[in-house]
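Everything below concerns the one structure shown next.
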2 protein chains.
Amino acid sequence: MSVTLGQPPAAYAPDRPRSSSTREALLDAAEQLLVEHGVAGTSTRAIIKAAGANLGAVNYHFGTKEDLVLEVFARRLRPLNQDRISRLNALEAEAQEQPVPLEKLVEAIVRPSVEARETQPGTTMALFRLICRGFQDPNPQLKAFLNKECAEFATRIDSALLRALPWLPPQELVWRERFLFGALNHGLDSWVHFDNLPHPNPEMQPMRPDREGFIHRMVSFIAAGLSAPIA
Amino acid sequence: MSVTLGQPPAAYAPDRPRSSSTREALLDAAEQLLVEHGVAGTSTRAIIKAAGANLGAVNYHFGTKEDLVLEVFARRLRPLNQDRISRLNALEAEAQEQPVPLEKLVEAIVRPSVEARETQPGTTMALFRLICRGFQDPNPQLKAFLNKECAEFATRIDSALLRALPWLPPQELVWRERFLFGALNHGLDSWVHFDNLPHPNPEMQPMRPDREGFIHRMVSFIAAGLSAPIA
DNA sequence: CTTGAATTCATACGAACGTATGAATCACCC
DNA sequence: GGGTGATTCATACGTTCGTATGAATTCAAG
């Protein structure tokens with residue numbers, strides 16, 4: 001007897017309107033827990049408990065824990081990269097054939113990450129740490145997904161940076177970009193997670209800068225690193 | 001009847017000579033797996049299988065999975081920080097009251113990480129990724145352990161950097177150090193894990209620099225970022 | 001009010017987890 | 001070469017994991 005479950009799980013019906021409140025609660029709870037404990041450290045049961053949902057809800061709405069995880073990332077990453085790309089568009093339109101100044105490009109990378117929680121309603125501080133973690137996660141499927149999601153922005157920023165740093169060989173830029181994103185991710189993580197980062201030297205106990213101060217610090221560091229002289 | 005297990009587990013007899021070959025095999029296997037799958041994603045059974053050991057061996061030699069994990073980190077991190085500190089000592093002795101040049105300080109941070117596999121017999125490339133991962137791990141006990149393990153080096157490098165960058169307020173240095181370690185960790189991870197990092201733009205498909213080339217690139221970027229002008 | 005789809009519920013299953021136990025085996029000194 | 005402590009072994013226990021199932025419930029339209 002074929003059983004009609006009312007509706008097949010979301011994984012098999014991707015066109016269904018995705019607005020169930022349980023669905024959103026699961027995504028929110030999963031996001032929070034993924035930030036705190038990583039993918040492998042977050043169980044389906046912990047998620048549904050935090051969301052006040054039933055165990056079957058994950059299977060019903062997402063089909064699989066992994067599909068839920070991917071959706072958690074996609075929900076945040078898509079608008080983030082869209083924001084980055086539209087900033088890039090605006091900068092290039094404004095510059096009219098001239099290369100966009102380096103600091104502006106770096107800001108187009110950095111600012112959307114830091115500002116997301118204000119432009120994207122409901123986004124928590126956790127977003128940054130989530131994405132940082134995602135890129136370091138051992139799960140190859142997750143990594144591939146994130147790379148795909150960022151591919152367009154990556155090629156755009158590549159060529160823009162090459163135009164802003166014409167004396168820099170592309171091979172060098174590739175490595176400096178790695179340093180860039182390392183600094184960005186770790187810096188964001190420290191900023192968001194500012195609470196208890198006790199410093200051995202009390203005089204250096206860090207203050208938490210406001211959003212603009214933090215963006216400025218980050219942009220200065222990264223822009224200086226990107227335009228370092230080469231051997 | 002009190003049962004004499006031959007010997008109580010290592011956790012309760014920390015003075016025992018730690019040179020069992022099974023013990024080392026467990027540490028090696030755990031190191032490899034922790035790098036690939038993270039702490040929560042690595043099971044005791046996977047470790048003993050990779051080490052060719054018995055399930056009871058973990059309990060016998062370390063008492064607990066968590067104690068094994070901490071020992072994996074400690075085994076690598078201790079000599080690494082010792083190397084960094086002795087480099088710092090040499091630089092400061094050579095400079096005689098003068099501040100040590102910035103690039104030399106940065107190199108004292110970077111080089112031990114990159115070189116460890118040659119100066120420390122048996123260390124695999126995995127070491128870097130392991131440590132990078134450890135600092136991002138959600139496990140608070142692990143994080144506290146790593147912070148403790150690095151505390152001495154941290155205070156030393158703090159004051160040395162402040163002397164090399166006298167115009168930089170300590171509060172600024174704190175944040176730049178975060179960027180520094182983010183770039184270091186992520187850069188090392190990319191370098192070690194160089195294999196398949198396909199780049200959208202084929203012209204930018206990165207080459208893997210040799211050790212010295214990589215160290216130089218990293219030092220340039222970081223030193224430039226650290227000495228960026230402040231607002 | 002009825003009906004049928006959409007959703008939520010309690011519950012079950014097999015697998016894998018971390019840990020513990022006591023017997024078997026090994027290595028070495030007298 | 002017999003005995004003693006150190007180590008390894010097979011195995012078991014209780015828990016938690018991800019997933020699946022089918023019966024209840026909710027809810028909007030007829």
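This is a predicted model, so every value here is computed, not measured. Residue numbers start from 1 in every chain, and the chains themselves are labelled A, B, ... in the order their sequence lines are given, proteins ahead of strands.
Counting to the nearest Å, the C1' atom of dT7(C) and the CZ atom of Phe62(A) are 14 Å from each other. Atom NE2 of His61(A) is separated from atom P of dT7(C) by 6 Å (rounded to the nearest Å). Rounded to whole Å, the distance from CD1 on Ile47(B) to P on dT8(D) is 16 Å. For the pair Asn59(A) CG and dT8(C) C1', the interatomic distance rounds to 12 Å; values are reported in whole Å. Residue Lys65(B) contributes atom NZ, which lies 17 Å from atom C1' of dA20(C) at whole-angstrom precision. The separation between Glu24(B) atom CD and dT8(D) atom P is 12 Å, rounded to whole Å. Going from atom CD of Glu66(A) over to atom C1' of dC17(D) covers 15 Å, rounded to whole Å. The separation between Leu33(B) atom CG and dC17(C) atom C1' is 15 Å, rounded to whole Å.
Along DNA chain D, the nucleotide nearest to Ala53(B) and the one nearest to Val39(A) differ in position, and the one closer to the 5' end is contacted by Ala53(B).
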Could you list, one pair per line, each protein nitrogen or oxygen that sits under 3.5 Å from a nitrogen or oxygen of nucleotides 10-14 of chain D, together with the distance?
residue : atom : partner  : partner atom : Å
dA10(D) : N7   : Asn54(B) : ND2          : 3.4

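Remark: side-chain polar atoms of Thr44(A) are not paired, donor with acceptor, to backbone N or O of Lys65(A) under 3.5 angstrom. Side chain of Arg178(B) to backbone of Gly187(A): no donor-acceptor contact under 3.5 angstrom is found.
Arg76(A) has no carboxylate O lying under 4.0 Å from a charged side-chain N of Glu149(A), or vice versa, which leaves the two without a salt bridge. Ion pairing between a basic and an acidic side chain is recognised when a charged N comes within 4.0 Å of a carboxylate O; Glu115(B) and Arg87(B) show such pairing. Under the 4.0 Å criterion applied to side-chain N and carboxylate O atoms, Glu152(B) and Arg84(B) are not assigned as salt-bridge partners. With salt bridges taken as basic N to acidic carboxylate O contacts below 4.0 Å, one links Asp28(B) and Arg75(B).
Looking at residues two or more places apart in sequence or on another chain, you find no side chain to side chain contact (heavy atoms under 4.5 Å, CB included) involving Ala90(A).
Regarding contacts with the backbone of dT16(D), every side-chain N or O of Ser43(A) stays at 4.0 angstrom or more from both OP1 and OP2. Between Thr44(A) and the phosphate of dG18(D), there is a side-chain N or O to OP1/OP2 separation shorter than 4.0 Å. Contact annotation: Thr64(B) side-chain N/O to dT19(C) OP1/OP2 distance is under 4.0 Å.
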